[in-house]
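Heavy-atom basis, side chains included; hydrogens, waters and symmetry copies ignored.
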Amino acid sequence: TSNRLRHVESMAIFPSGAGKIPALNAVILGEALASEEDDLVFPSDEFSQQALVPSPQKYLEIYKRSVEDPAGFWSDIASEFYWKKKWGDKVYDDNFDVRKGAIKIEWFKGGITNICYNCLDRNVEAGLGDKVAMYWEGNELNVDGKLTYSELLQKVCQLANYLKDIGVKKGDAVIVYLPMLMELPMTMLACARIGAVHSVVFAGFSAESLAQRIVDCKPKVVITCNAVNRGSKVIYLKDIVDTALVESAKNGVSVDVCLTYENKSAMSRENTKWQEGRDIWWQDVVPNYPSTCAVEWVDAEDPLFLLYTSGSTGKPKGVLHTTGGYMVYTATTFKYAFDYKSSDIYWCTADCGWITGHSYVTYGPMLNGASVLVFEGAPNYPDSGRCWDIVDKYKVTIFYTAPTLVRSLMRESEEYVKKYSRKSLRVLGSVGEPINPSAWRWFYNVVGDSRCPISDTWWQTETGGFLITPLPGAWPQKPGSATFPFFGVQPVIVDEKGDEIEGECSGYLCIKGSWPGAFRTLYGDHERYETTYFKPFAGYYFSGDGCSRDKDGYHWLTGRVDDVINVSGHRIGTAEVESALVSHPKCAEAAVVGVEHEVKGQGIYAFVTLVEGEPYSEELRKSLILTVRKQIGAFAAPDKIHWAPGLPKTRSGKIMRRILRKIAARQLDELGDTSTLADPSVVEQLIALGEDS
Ligand code: WT7
């Protein structure tokens, strides 16, 4: 076809420019790409012609500049935002090498700005005041709402004024435990407006997890709502907060104010448990405040938010993002990776409790003045057609979701999709885990009618924004590949020794040099920051992911290489689940591994050793799972408990997870060498028990 030829021709000129850029070293385009054995999907001419980046050459031209002159490239973009005062002489200043001293990342230091101002006031001043900033679709059909940019600004100002009035100041932490109501992005923006540091806790976390975060960041105020509808269930969030506040007070952190939004459609205020003096109804106070509020101007390197995420060991880490670099980076990645146009209606199904909701529900889109859809409910309620019903209702043009949702909908009848037109859609997006080619195909062919490019965006809580992502219309796609690095990003693949490997290869994915959206530290623990991310491969940021690069330079993410499991795109540390399990009085020891799961990507598989003499029982199994739900949240509940009279350990006592992973996957002929185990017979016992447990 003509577009196929056009692309192949345009790529033939690629190698001359690609040679000098490490990330593109492997690109041998032209003939290689033309070969029929490749599973290539070409964008239509029509799409490419209107795209922000219409061709591989254009991508290469911009990319080259971005890595050869990062200061010039990013300061040009940053200049499009409002700065009260421009940054100093240095656009950026970083040290990525632990051997040279402390790790440091700074962008636009000395620049004075405010991200809320840039999301709202700047857009209103540019004439977007009457444009819808947020559409809101409730859990129930026909329950909805919307706010224009001017209306949102006014509501944000009222809340900001209230927060200031109760004593929240620049640099203070605010914990937010809200579901997907418009009040959630509103709260984030209000905190940003006054320089307070928000820490949103996903409203699926348990009271204990919430308490742990409260104790760590000591917020002045907790903001929540009484209850929320999710699918056919009602979740009583205020009860969870109450328990968390009791728990955190026991640990020496008491919170003075619990601002509670009355979510009438789920629960009336009369039925809500209340602690006079501490609890305050949002609706009773916030609307009484003035709808304008002076901005707190902050340094580009002042903190914007904390977001806790799981690591391979220990308690959750408070990932800290600052203001200026994050602002420039989320706005730019959003614009290019979704080929954003001002007429777009954008829907990201992620919850603001995760990084995706920070960067690509709230900040990235609003910095671009986009109309964003916020959905309170569950994607399969009242039935599996809900997403497409919403797409048609709001004429959604960009739909960004996770592979787990695609896989779960794929199992249902196609009629749920075909019933709706979906003709407004023009770009699709995927995030959270590798998307398997069959899910990619279904998403592309069935949902997008083979018309919409898919942006498979690879990134992390730590990276702030996309690092490896397709740019719609620029490249032919390979289903399942996140393709090429975003502007300014230099991914490298290293071997065990930390040496960069080139050409067609696979290994550990690292990043060379900083990008504006990178996290600056782990809250209160810079040492852990350096140890976890910068020491494994000196000189680089280590992502924790495995990756391979094919002959054409396309990147293929292969999943975590550490003890982190990815369940439905939610990151869970095996150590956290283990520590929850062993807190059960009847559990002596536990080892948790990830196992392939048809819908969730990975499932949680727990090997459990009971205390001496305790018999296995169905009741005990349930009670162990309940313990995990209570301590972390329902999304972390093990899918399988495998009774283990003993665990395979080395003579020095280290659990050999490699063997457990094979047993969990029933790949019994791939157990490898078990002779170094302290007691090799443990393996036989586990295999025998696996069959009926
Ligand atoms: C981990 C980060 C970043 C938003 C959601 C998750 C995996 C994420 C992809 C993708 C393959 C992906 C990685 C990464 N991941 N996106 N497009 N392809 N893997 O954020 O909780 O910080 O998890 O999610 O393993 O390390 P997170």
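- Using a cutoff of 4.0 Å between basic side-chain nitrogens and carboxylate oxygens, Glu500 and Lys512 are scored as salt-bridged.
- Other residues, nucleotides and ligands contribute over 12 non-hydrogen atoms within 6.0 Å of the NZ atom of Lys535.
- A heavy-atom distance below 4.5 Å is not found between the side chains of Lys640 and Val595.
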Discussion item. The test is ring-ring contact (aromatic ring centres under 6.0 Å, His included); show your working for Trp475 and Tyr59 and say whether it passes.
Written reply: CA-CA 9 Å; Trp475 291 93; Tyr59 163 83; 5.4 Å; yes
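- Judged by distance alone, the side chains of Tyr336 and Thr469 never bring a donor and an acceptor atom under 3.5 Å apart.
- Using modelled atom types, one finds no donor on one side chain facing an acceptor on the other under 3.5 Å when comparing Ser359 with Thr330.
- Put simply, the side chain of Thr401 never gets that close to the backbone of Thr349: no donor and acceptor are under 3.5 Å apart.
- Contact record, Ala439 with Ile435: CB-CG1, 4.0 Å, taken as the closest heavy-atom pair.
- Not a single donor-acceptor pair under 3.5 Å links the side chain of Asn118 to the backbone N or O of Met327.
- Considering all non-hydrogen atoms of both residues, Val372 and Pro365 come closest at CG2-CB, 3.5 Å.
- Of the candidates Phe443, Tyr444, Trp442, Trp440 forms a ring pair (Phe, Tyr, Trp, His ring centres under 6.0 Å) with just one, namely Tyr444.
- Of all non-hydrogen atoms in Ala244 and Ala211, the two that sit nearest each other are O-CB, 3.6 Å.
- By the 4.0 Å N-to-carboxylate-O rule, Asp76 lies close enough to Arg65 to be salt-bridged with it.
- Dense packing is recorded around CZ of Arg528, with more than 12 heavy atoms of other residues, nucleotides or ligands lying under 6.0 Å away.
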Practice prompt. Would you sort out whether Asp94 and Ser514 count as a side chain to side chain donor-acceptor pair (under 3.5 Å), showing the intermediate values?
Written response: CA-CA 7 Å; Asp94 60 7; Ser514 75; 2.7 Å; yes
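- At least one donor-acceptor pair closer than 3.5 Å links the side chain of Asn566 to the backbone N or O of Gly432.
- Contact detail for Ala192 and Asn114: the closest heavy-atom pair is O-ND2, 3.1 Å.
- A donor-acceptor pair under 3.5 Å links the side-chain atoms of Arg571 to the main chain of Ser310, judged by distance alone.
- A salt bridge links Asp563 with Arg657; the closest basic N to acidic carboxylate O contact falls under 4.0 Å.
- A heavy-atom distance below 4.5 Å is not found between the side chains of Lys335 and Leu367.
- Side chains of Cys217 and Ile175 form a contact here, defined as non-hydrogen atoms less than 4.5 Å apart.
- Tested against Trp459 for a ring pair (Phe, Tyr, Trp, His ring centres under 6.0 Å), the candidates Phe486, Trp354, Tyr360, Tyr329 yield a single pass: Tyr360.
- Residues His321 and Leu307 form no side-chain contact, since every pair of their non-hydrogen atoms from C-beta on lies 4.5 Å or further apart.
- Remark: side-chain polar atoms of His526 are paired, donor with acceptor, to backbone N or O of Ile103 under 3.5 angstrom.
- In this structure, Phe519 has its ring center closer than 6.0 angstrom to the ring center of Tyr533.
- With ring centers used as reference points, Phe534 lies under 6.0 Å from Tyr529.
- In this structure, Gln460 contributes its side chain and Ser543 its backbone to a donor-acceptor pair below 3.5 Å.
- Inter-residue side-chain proximity for Phe81 and Phe108 is flagged as unmet; no heavy-atom pair is nearer than 4.5 Å.
- Asp639 contributes no side-chain N or O that, together with a main-chain N or O of Tyr605, makes up a donor-acceptor pair within less than 3.5 Å.
- No donor-acceptor pair under 3.5 Å is formed between the side chain of Ser206 and the backbone N or O of Ala634.
- Pro179 and Leu184 make their closest contact through O-CD2, 3.4 Å (heavy atoms, listed as atom of the first residue, atom of the second, distance).
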Discussion item. Assess the residue pair Arg560 and Asp545 against the criterion (side-chain contact (heavy atoms from CB on, under 4.5 Å)); give the C-alpha distance rounded to whole Å, side-chain angles, the decisive distance to 0.1 Å, and a yes or no.
Written reply: CA-CA 4 Å; Arg560 303 287 307 193; Asp545 278 1; 3.2 Å; yes
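- For the residue pair Tyr400 and Thr356, no side-chain donor N or O sits within less than 3.5 Å of a side-chain acceptor on the partner.
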Item to complete: Verify side-chain contact (heavy atoms from CB on, under 4.5 Å) between Val567 and Phe635, making sure each step is shown before the conclusion.
Response: CA-CA 8 Å; Val567 182; Phe635 64 92; over 6 Å; no
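- Rounding to the nearest 0.5 Å gives a distance of 5.5 Å between OG1 of Thr457 and CZ of Phe338.
- Between Phe334 and Tyr346, the ring planes are perpendicular. Angles over 60° get that label, and only those under 30° would be called parallel.
- Interatomic distance, OG of Ser568 versus NZ of Lys600, reported as 6.0 Å (0.5 Å rounding).
- In summary, of the residues considered (Asp552, Asp456, Thr483), a side-chain hydrogen bond (donor to acceptor under 3.5 Å, both in side chains) with Lys478 occurs for Asp552 alone.
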Worksheet entry | Worked verdict on His358 versus Ile355 for side-chain contact (heavy atoms from CB on, under 4.5 Å) | CA-CA 5 Å; His358 284 63; Ile355 190 68; 4.3 Å; yes
Worksheet item: Could you go step by step and tell me if Tyr523 and Lys317 meet the side-chain contact (heavy atoms from CB on, under 4.5 Å) rule?
Response: CA-CA 7 Å; Tyr523 180 65; Lys317 313 178 272 199; over 6 Å; no
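- Evaluated for a side chain to side chain contact (heavy atoms under 4.5 Å, CB included) with Phe205, the options Gln212, Arg213, Gln631 yield exactly one hit, Arg213.
- Contact between Ile565 and Gly594 at its shortest, heavy atoms only, is CG2-CA, 3.4 Å.
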